[in-house]
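One structure below.
The figures that follow rest on heavy atoms only: side chains count, while hydrogens, waters and symmetry mates do not. Just so you know, ligand 1 is whichever comes first in the structure, and atom 1 is the first atom listed for that ligand.
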Amino acid sequence: MNDTTAPAVEPMTLKIGDPAPDFTARTTQGALSLSGLRGGWVVLFSHPADFTPVCTSEFMAFAKAADRFAALDCRLVGLSIDSLPSHLAWVEAIRSCFGVDIPFPIIEDPSMAIARAYGMLDAHAHSSATVRGVFVIDPQGFIRAINWYPASVGRSVPELLRLVTALQVVDREGVMTPEGWTPGADVVVASDLTQDAVSKAGPAWFLQYAKMPRS
Ligand code: BEZ
């Protein structure tokens, strides 16, 4: 049975700021519609295949960090083109071999409709495996960050937590976050581009730090 639906979108065309293509799909936790998750943040991540070492290590790291994503009102949603029975067997194997429960849904995408809509298929691979794509989707359903990793390199779950946290601070406080920012560290603010503002800020007008919270 294939009840996955997604709009036809040219592959690899999604950009930051685009609306995330909606879909309805079967998952390890029942049917899921992306639009049903509106109002909260979503990290939608694809992986090449079930029962593979890098993917298994990533899934266990996501599982261990699930409470921290939940505290950010952020839902984790995994995806690969593998079948639902394969996902279920893999989740059960992870539980029995490593004692880790996977608390988030994993989408099956046998028709590759979602993988195509999000450009997750590796055009250079011999198989139709999805690459390691991550889409951070905001509560209004817009794509706020995208990252791609090759099959051979595992992603950093702490970095994804940091990314979601930074996006939320940026939205809430109207600031930007500098390289390697972590919660509690100074943020950066853009200087007004007027002669007065630039002269008041001094020669380093182009990099102004600000304390958080801003008063
Ligand atoms: C892995 O997750 O370990 C993996 C997946 C696809 C190809 C190679 C490695």
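With D82 contributing its side chain and S86 its backbone, the two residues share no donor-acceptor pair below 3.5 Å.
Nearest heavy atoms, P150 versus R132: O-NE, 3.2 Å.
Other residues, nucleotides and ligands contribute only 12 or fewer heavy atoms inside 6.0 Å of the CD atom of Q195.
When ring centroids are compared, F59 and W90 come within the 6.0 Å threshold.
Between C55 and ligand 1, a contact under 3.5 Å exists for at least one N or O pair. Geometrically, ligand 1 and V54 share a nitrogen or oxygen pair separated by less than 3.5 Å.
Proximity to R132 (heavy-atom distance under 4.0 Å) selects the following atoms of ligand 1: 1 (C), 2 (O), 4 (C), 5 (C).
Among all protein heavy atoms, the one lying closest to atom 6 (C) of ligand 1 is P48 CB, 3.6 Å. Atom 7 (C) of ligand 1 has A151 CB, 3.8 Å as its closest protein atom, hydrogens excluded (heavy atom only).
The closest approach between any non-hydrogen atom of P53 and ligand 1 is below 4.0 Å.
Ionic pairing of D109 and R116 is not present here: no N-O contact between side-chain nitrogen and carboxylate oxygen is shorter than 4.0 angstrom.
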